[in-house]
There are 2 protein chains.
Amino acid sequence: MRSEDLAKLLGLSRSTISRVINNYPDIPQTTRDKVWKAIEEYNYAPNASARKLAGVKNKMIALILLDVKDNEEGHHIKVSEHTLIHDNPFFSPIVNAVIDQANKMDHYVLVSISYTKDDLRKVQSIFQQKLIDGAIFVGTQEAENELIFSLIEQNHLIAMIDTSEVNNANHNAIYINADNYEGSVKAVSYLLELGHRSIGIITGNLNKLSAQERLAGYETTLMQHGIEMTDKMIYQGDFTENSGYDGIKYFFRTANPPTAIFVSNDTMVVGAYRAITELGLRIPEDVSIIGFDNSFFSPYLNPPLTTIDISFSEMAKRATTLLIESIEQEQQRGIVEKENATLIKRESCKKWKGS
Amino acid sequence: MRSEDLAKLLGLSRSTISRVINNYPDIPQTTRDKVWKAIEEYNYAPNASARKLAGVKNKMIALILLDVKDNEEGHHIKVSEHTLIHDNPFFSPIVNAVIDQANKMDHYVLVSISYTKDDLRKVQSIFQQKLIDGAIFVGTQEAENELIFSLIEQNHLIAMIDTSEVNNANHNAIYINADNYEGSVKAVSYLLELGHRSIGIITGNLNKLSAQERLAGYETTLMQHGIEMTDKMIYQGDFTENSGYDGIKYFFRTANPPTAIFVSNDTMVVGAYRAITELGLRIPEDVSIIGFDNSFFSPYLNPPLTTIDISFSEMAKRATTLLIESIEQEQQRGIVEKENATLIKRESCKKWKGS
DNA sequence: CTGAAAGCGCTTACAG
DNA sequence: CTGAAAGCGCTTACAG
C-alpha cells in the first residue's frame with residue numbers, strides 16, 4: 001500500500017494524504033477524518049526511506065556502546081554470557097532507559113556495540129549514511145575523542161554519558177555525568193553519622209576523573225569534620241575486583257585498621273568481601289563497608305551492600321531527552337549536567353559505638 | 001557528498017560509482033581502485049534511505065522485547081532501575097548477543113521494548129514502514145500471537161526466542177527455545193549423583209511450557225532411577241520470588257523434608273534462600289539447592305548457586321544468525337531448534353551421606 | 001483548499 | 001565496459 005493507492009481509493013491526490021499525515025493546516029476536518037479512517041483500515045504507513053529521502057527527519061537515534069580495550073583484540077561474544085555485562089554493569093540500565101525514553105518521545109533507537117578500534121569505522125558510517133538524527137555515546141575514552149569531535153564539528157547532534165573528558169564545555173554536545181563528588185560526600189558523611197572516626201578508602205584508578213572526584217569527596221568531608229587523615233587510610237585500587245581484595249588485606253595488616261571503609265566501586269567490594277571473609281571478620285559487625293555505583297549485583301551480596309546510586313538510568317533518560325529536544329529544535333548546543341547521587345542504605349554499615 | 005559529486009570528481013558517472021560499491025563484475029580493476037580510493041578519501045557512504053528506496057536491503061533488523069503484563073498499565077521507567085532487568089534477567093544477555101552477532105554479520109539492530117498492548121501498534125508500524133528486513137521477538141505470550149502470525153503471513157521474516165507456543169512448527173518462522181527438559185534432567189541427575197534420594201521440586205507456573213518441561217524432566221529422571229515419587233515432593237510455584245519462599249516453608253513443615261530441592265528458576269531461589277535462613281538452616285549442609293536459568297545474580301547469592309545455564313546468549317546468537325541467513329537468501333522457512341542446557345556447579349549442593 | 005510536478009540520492013535494466 | 005534515464009515513495013513549494 002502506497003500513498004498513491006490510498007489516494008485513488010479516496011479520490012484524492014497523494015499530496016492531500018501527505019498533508020493530513022503531516023498535520024498541515026487548512027484541511028477540512030471531514031477530509032482529515034476520511035483519510036485517517038482509511039489509513040487505519042488499510043494499515044497504511046508511509047515508507048520510512050521515502051520520507052527520509054524527501055527531507056523528513058527519521059525519528060531514529062543511535063545508542064553507541066563503547067567497550068574498546070586499547071591494544072587488545074575484540075572479545076565479542078565472550079566465554080561467559082555474563083562477562084560483558086559484568087565488565088560494564090552499567091550498560092544494561094542505560095540501554096533500557098534510552099530505549100524507553102526514546103520510545104516515549106516517539107523515536108526509534110539503533111543500538112551498536114564497538115569492541116575494537118576497527119569497529120569505530122562502522123560508527124563513522126552510521127553517520128555518513130544519514131541513518132540517524134543523532135546519537136548517544138556511552139563508555140568513551142581518550143581513544144574515541146578524535147572521532148567524536150570530528151562528528152560534532154560536522155554538526156551531528158551528540159550526547160555523551162559518563163565521559164572522562166574534563167573540560168568539555170567548549171564543545172557543542174550534550175554531556176551528562178554522575179556527580180561523583182557529591183556521592184562520595186554522601187557516603188563518607190553517612191559513615192560519620194554512624195559514629196565512625198577511622199575511615200579508610202580504596203580508590204579507583206586515579207587516571208580516571210571519576211576516581212579522582214570520589215577521592216576528593218572523601219578528603220574534603222573528613223577535613224570539614226576535623227578528622228585527621230593519614231596516607232595510611234588511602235589504598236590506591238583500580239576499580240577491579242582484585243584490587244578490592246588487596247585493599248582489605250592491606251588495611252588489616254596495619255596497626256589500627258579502620259572501622260569503616262569506603263570502597264570506590266561495587267566491583268571492588270566483591271573482592272573486599274572475599275578478603276574480609278578470609279580474615280574471619282564479619283560485615284558490618286567488625287567493619288562497615290560502603291560501595292559506589294549500586295551495581296545490579298549489590299543487593300545480592302552478603303550482606304546486601306550499602307552503596308551510592310548514581311542512577312545511570314536517570315543519566316540515560318536525561319541524555320535521551322536533551323538529545324531528542326535538540327533534534328526537534330534543530331540546534332546543536334553545549335550542555336553539561338551532573339546527575340544526583342543518592343545513598344542506598346542496605347546492611348553493610350553499622351553504628352560504631354566508640355572504642 | 002553524493003555519488004554524483006564523487007562521480008564528477010573522478011570523471012565518471014554515478015552508475016559506475018554504484019557498480020563499484022555493489023560489486024558488479026566487468027569493471028576494470030583500475031577503475032575499482034580509483035573509486036574506492038576516492039570513497040575513502042572523501043569519506044563517502046551512500047545514503048541509506050536512497051539505497052533502500054531503490055530496492056536494496058537495509059541490513060537492519062529489529063529486536064523486539066515484549067514485557068507486556070496483561071491488564072496492567074505500562075510501567076515504563078521504573079522506580080528502581082533494577083526492576084526491569086530483574087523482572088527479566090534474561091533480556092540483557094540477549095540484547096548483547098543479538099547486537100554482537102548482527103554487527104558481525106554486517107547488520108544494524110533497532111531495539112524496541114513494548115510494555116503495553118498499545119505499544120504493539122508501534123511494532124506493527126515498524127514493519128509497515130519498511131524500516132527493517134526482519135525481526136527477532138523475545139518474551140512473547142499468548143497476547144502477541146495474533147500480531148505475530150499476521151506478520152508472518154505477510155511474509156515478514158521473523159525469529160522468536162523462548163516462545164511459549166507449543167505446536168509452532170507449522171508457521172514459517174524461526175523458533176529457538178531452551179531445552180528445558182534436558183536441563184531439568186541434568187539438574188536432577190546431578191542431585192542423584194551426589195547421593196540424594198529425597199528430592200523435592202518447586203515448579204514454575206504450570207501454564208507455561210517451560211515449567212511443564214522442567215517438571216517432566218524431574219519426574220522422568222526420578223522414575224528412571226527407581227525413586228519413588230510422592231505428590232508431597234512437588235510444590236507448585238509460579239516463578240516468583242515469593243513462591244520460592246513459600247515452597248521452602250511448605251517442605252519443612254512436612255514430616256520428612258527432602259534433602260535436596262530443585263527450584264525451577266533462580267528468581268524463586270532468592271525467596272527459597274530467605275526462607276531457609278529464617279528456618280536457621282544452612283545451604284548446602286542441611287539442604288542442597290539447585291536452580292535453573294543461571295541468572296546474572298546467581299553467582300552472587302550466598303552460597304553461590306548451582307544452576308542450569310540455558311544460555312540465552314547462545315539462543316540469541318543462533319536466532320540472529322538464522323534470521324540474517326533467511327534475509328540474505330530471501331526465503332522464509334519454518335525452523336525449530338532447541339538450545340542445550342548445561343550444569344553450572346557452584347556451592348549450593350553437597351554430597352548426601354545417607355541418613 | 002487541493003492537484004501536478006520537481007526533487008530527495010540511489011540502483012539497475014536498457015542501450016551502445 | 002559505461003552512460004542516460006526511469007523508478008523507488010514520499011514531501012513540498014508552486015499554481016490555481
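Here is how names work: the chains are called A, B, and so on, in the same order as the sequence lines, proteins then strands, and each is numbered from 1.
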| Pair A/R2 + A/D5, salt bridge at N-O below 4.0 Å | yes
| request: Answer yes or no: does atom CD of B/Q154 have more than 12 heavy-atom neighbours from other residues, nucleotides or ligands under 6.0 Å? | output: yes
| said: Between B/N22 and C/dT11, is there a contact of a side-chain N or O with OP1 or OP2 at under 4.0 Å? | reply: yes
| How long is the line joining CG of A/D26 and P of C/dG3, in whole Å? | 14 Å
Show the atom names and distances, to 0.1 Å, of all donor-acceptor pairs under 3.5 Å that link a side chain in residues 17-31 of chain B to residues at least two apart or in another chain.
| residue | atom | partner | partner atom | Å |
| --- | --- | --- | --- | --- |
| B/S18 | OG | B/N22 | ND2 | 3.3 |
| B/N22 | OD1 | B/R51 | NH2 | 2.5 |
| B/N22 | ND2 | B/S18 | O | 2.9 |
| B/Q29 | NE2 | B/D33 | OD1 | 3.0 |

| Of the nucleotides C/dC1, D/dT11, C/dC10, which one has an atom closest to the side chain of B/R14? | C/dC10
| Considering only C/dG3, D/dT11, D/dT2, which nucleotide approaches the side chain of A/T16 most closely? | C/dG3
| D/dC10 phosphate, OP1 or OP2: any side-chain N/O from A/S3 under 4.0 angstrom? | yes
| query | Between B/Q128 and A/M1, is there a donor-acceptor pair closer than 3.5 Å when you use the side chain of the first and the backbone of the second? | reply | no
| Close side-chain approach of A/V111 and A/L65, heavy atoms under 4.5 Å | yes
| task | Mind calculating the distance between CD1 (B/I17) and P (D/dA4) to the nearest angstrom? | result | 13 Å
| request: Measure the shortest side-chain to side-chain distance between A/S3 and A/Y44 over non-hydrogen atoms and say whether it is less than 4.5 angstrom. | output: yes
| query | For B/E337, what residues pass the salt bridge (Lys or Arg N to Asp or Glu O under 4.0 Å) criterion, not counting sequence neighbours? | reply | B/R318
| said: Check whether A/K122 reaches the backbone of B/N103 with its side chain - one donor and one acceptor, N or O, closer than 3.5 Å. | reply: yes
Pairs under 3.5 Å (N/O, protein and nucleotides 13-16 of chain D):
| residue | atom | partner | partner atom | Å |
| --- | --- | --- | --- | --- |
| D/dA13 | N6 | A/R19 | NH2 | 2.9 |

| query | Could you state the CD-P distance from B/Q128 to D/dG9, rounded to the nearest angstrom? | reply | 15 Å
| query | What is the distance from NZ of B/K8 to P of D/dG3, rounded to the nearest Å? | reply | 14 Å
| field | Pairing string, 5' to 3', for DNA chain D - Watson-Crick or wobble contacts under 3.5 Å, brackets [ ] where pairs cross, | to another strand | value | |||.||||||||.|||
| Atom-to-atom span, CD1 of A/I27 to C1' of D/dT11 - whole angstrom | 13 Å
| said: Surrounding CD of A/Q331 (heavy atoms of other residues, nucleotides or ligands, distance under 6.0 Å), is the total greater than 12? | reply: yes
| field | Side-chain donor/acceptor of A/N58 to backbone N/O of A/K52, under 3.5 Å | value | no
| Within 6.0 Å of NZ in B/K37, more than 12 heavy atoms from elsewhere | no
| Got a sec: does the CZ of A/R121 have more than 12 other heavy atoms crowding it under 6.0 Å? | no
| query | Under 4.0 Å: is that the gap between some side-chain N or O of A/S13 and OP1 or OP2 of C/dT2? | reply | no
| request: Using heavy atoms and a sub-4.0 Å distance, could you list which residues of residues 29-46 of chain A are near DNA chain C? By number, please. | output: A/T31
| task | Specify the separation, in whole Å, of atom CG of A/N47 and atom P of D/dC8. | result | 12 Å
| Expressed in angstrom and rounded to an integer, what is the separation of B/E4 atom CD from C/dC10 atom C1'? | 11 Å
| query | So, A/S311 and A/E339: side-chain donor and acceptor under 3.5 Å apart, yes or no? | reply | no
| said: I need the CG-P distance between A/L131 and C/dC10, as an integer number of Å. | reply: 13 Å
| Are any non-hydrogen side-chain atoms of A/L151 and A/F137 less than 4.5 angstrom apart? | yes
| request: Go through residues 50-61 of chain B and report each residue with a non-hydrogen atom lying under 4.0 Å from DNA chain D, sorted by number. | output: B/L53, B/A54
